[in-house]
K.L.:
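Got a structure for you, questions after.
For ligands, and for the atoms within them, numbers begin at 1 and follow the listed sequence. FYI, the numbering just counts along the sequence from 1.
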Amino acid sequence: MQSTFRPRSLWRTGILGTCFRSRFQVYGGPNTRFISTWKEELHEVNHDTNAPLSGRVHILGMGNLGCFFAHSLATRRSPPPITICLHNDYLYQAFVRKRGQISVSTHGLDDVRTGFDVETVDEEGRWYTMPPVDNRTLPFNSESPPDNGPIECLIICTKAHHTELAIKDISHRLTKDSTICLVHNGMGVLDSINQNVFPDPNNRPHYIQTVFSHGLGRNDSFKISHLGVGTTILSPVGDPNIPPTTPEADHTWAPSTKYLLRLLTLTPPLVAVADTPAGLLQYQLEKLAVNCVINPLTALSDCTNGEILYSFSFTRVMRLLLFEISAVICALPELQGIPGIEDRFSPERLRRLVVNIASNTAKNHSSMQQDINQRRLTEIEYFNGWIVRRGEELGIKCALNYMIKHLVAAKAATHRSREAGAIPLDLDNIISTNEPPI
Ligand SMILES: CC(C)(CO)C(=O)C(=O)O
């Protein structure tokens with residue numbers, strides 16, 4: 001994302017007012033909200049259990065999102081024990097060079113935090129707690145869980161297409177008492193995690209899903225900028241047998257879910273609010289509609305978010321894509337029974353949402369445009385690909401979304417084949433020496 005400072009939230013309109021449902025206001029009045037310590041939050045969930053939690057939070061995926069979550073938790077008046085999980089040695093070496101610091105710059109001012117415990121993984125998938133990399137002489141928390149011990153709370157901040165694999169690599173440490181907080185763009189990841197990593201519903205961890213809308217930019221490893229204030233909407237994933245519209249009683253939540261929800265909603269920089277599964281799903285779908293338009297159009301045309309506005313041709317494509325997206329969303333069985341769906345997800349309302357976000361982030365480059373240019377995998381399967389798949393299930397043909405998904409895939413493939421063929425070898429003049437290859 002390019003550096004443009006937009007202090008306005010991308011998704012904020014209407015969110016803060018509507019999300020603070022009474023059942024989540026269990027943390028005291030407005031003045032006491034941010035004062036509690038993590039130990040108090042832990043005490044709340046530990047007092048009636050024989051398997052008390054340690055309160056440690058693991059974070060996997062140290063890109064912009066992971067750094068923002070780790071840094072935000074570390075800014076608390078009393079930070080909980082935080083372990084960052086680094087999945088390769090380069091990352092660990094980079095973290096050592098940064099002396100264990102994570103820095104977030106706001107309005108050009110750097111705020112540097114330390115005190116993170118670190119685990120790295122070897123090729124056999126064994127995790128090791130590394131010695132402290134900052135100036136601490138003692139481990140931050142002497143009760144650190146043993147290597148490969150169970151993880152209570154995991155915040156996973158990898159891109160949608162890496163999340164399943166990343167969880168698979170750490171799944172032996174996740175139990176049915178753990179809670180995974182998923183922070184990624186796009187739809188469909190949770191279903192494939194359940195299907196491929198935790199197929200047994202009685203033995204899978206609990207999940208919290210999120211819709212994250214802060215604007216972040218990367219300056220260097222473990223050094224990011226907070227470019228625009230947004231929100232973090234959180235919801236525990238309910239029992240799939242209970243329709244999302246039926247309120248679930250909090251007492252059904254696991255202690256690790258309650259603890260992580262409290263911790264995150266009481267961490268000011270995250271601007272985190274909790275919502276019901278049905279509420280969160282609607283925010284996810286709004287974000288999906290925006291991503292299905294801005295991301296592929298900017299990636300295909302190699303332009304900024306603002307450049308897709310004020311062009312007749314882009315506007316035509318946008319409208320046609322949104323007709324299909326709206327038809328699929330309005331027909332989703334999981335939304336049936338929720339009042340106002342047809343209005344909230346009408347093509348015209350979605351168009352206004354897209355235009356709003358594109359103009360609020362006009363100078364930014366979308367994540368997909370950056371992924372394409374940096375030859376990384378894109379999240380297209382979790383955006384337009386998801387719309388096409390759900391459309392097929394519902395008997396709605398989404399030819400335009402299908403085409404867009406393939407145009408993005410084709411653009412990535414063209415880059416790959418161009419680069420593979422770019423090595424200037426003159427095969428006719430290669431002299432064979434009959435020497436074994438070095
Ligand atoms: C909303 C948008 C398009 C903002 O850039 C985004 O979320 C992304 O880049 O992935």
K.L.:
Measure the shortest side-chain to side-chain distance between C85 and I59 over non-hydrogen atoms and say whether it is less than 4.5 angstrom.
P.N.:
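Counting from C-beta outward, C85 and I59 never come under 4.5 Å.
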K.L.:
Give yes if a backbone or side-chain nitrogen or oxygen of T361 is under 3.5 Å from a nitrogen or oxygen of ligand 1, and no if not.
P.N.:
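No - when backbone and side-chain N and O of T361 are compared with those of ligand 1, no distance drops under 3.5 Å.
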K.L.:
Just by distance, no angles: are the side chains of Y382 and N291 close enough, under 3.5 Å, to form a donor-acceptor pair?
P.N.:
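Per modelled atom types, Y382 and N291 side chains form no pair under 3.5 Å.
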K.L.:
Which atoms of ligand 1 sit under 4.0 Å from any heavy atom of N185?
P.N.:
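Here the atoms of ligand 1 in question are 10 (O).
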K.L.:
With a 4.0 Å cut-off on heavy atoms, does N364 reach ligand 1?
P.N.:
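The answer is no, since N364 has no heavy atom less than 4.0 Å from ligand 1.
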K.L.:
Within the 4.5 Å heavy-atom criterion, are F345 and E286 side-chain neighbours or not?
P.N.:
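Yes - at least one pair of side-chain heavy atoms lies under 4.5 Å apart.
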K.L.:
Should H365 be counted as touching ligand 1, given the test is an N or O pair under 3.5 Å?
P.N.:
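Checking ligand 1 against H365, no N or O pair falls under 3.5 Å apart.
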K.L.:
Specify side chain, backbone, both or neither for T298, according to which of its non-hydrogen atoms lie closer than 4.0 Å to ligand 1.
P.N.:
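It is neither; nothing of T298 touches ligand 1.
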K.L.:
State the atoms of ligand 1, each with its element, that fall below the 4.0 Å cut-off from a heavy-atom position in I294.
P.N.:
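Per the distance check, 3 (C).
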K.L.:
Tell me every residue that passes side-chain contact (heavy atoms from CB on, under 4.5 Å) with E124, counting only those two or more places apart in sequence or in another chain.
P.N.:
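In terms of side-chain contact (heavy atoms from CB on, under 4.5 Å), with neighbours along the sequence ignored, E124 is linked to D122, R126.
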K.L.:
Would one find an N or O of S366, backbone or side chain, under 3.5 Å from an N or O of ligand 1?
P.N.:
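Such a contact does not occur with ligand 1.
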K.L.:
Could you grab the distance from atom CG of L174 to atom NE2 of H58, nearest 0.5 Å is fine?
P.N.:
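It comes to 9.5 Å.
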K.L.:
Any salt bridge linking E392 with R389? Criterion: basic side-chain nitrogen under 4.0 Å from a carboxylate oxygen.
P.N.:
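So E392 does not pair with R389 through a salt bridge.
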K.L.:
Nearest to atom 1 (C) of ligand 1 by heavy atom, N360, N305, I357: which?
P.N.:
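When every heavy atom of N360, N305, I357 is considered, I357 comes closest to atom 1 (C) of ligand 1.
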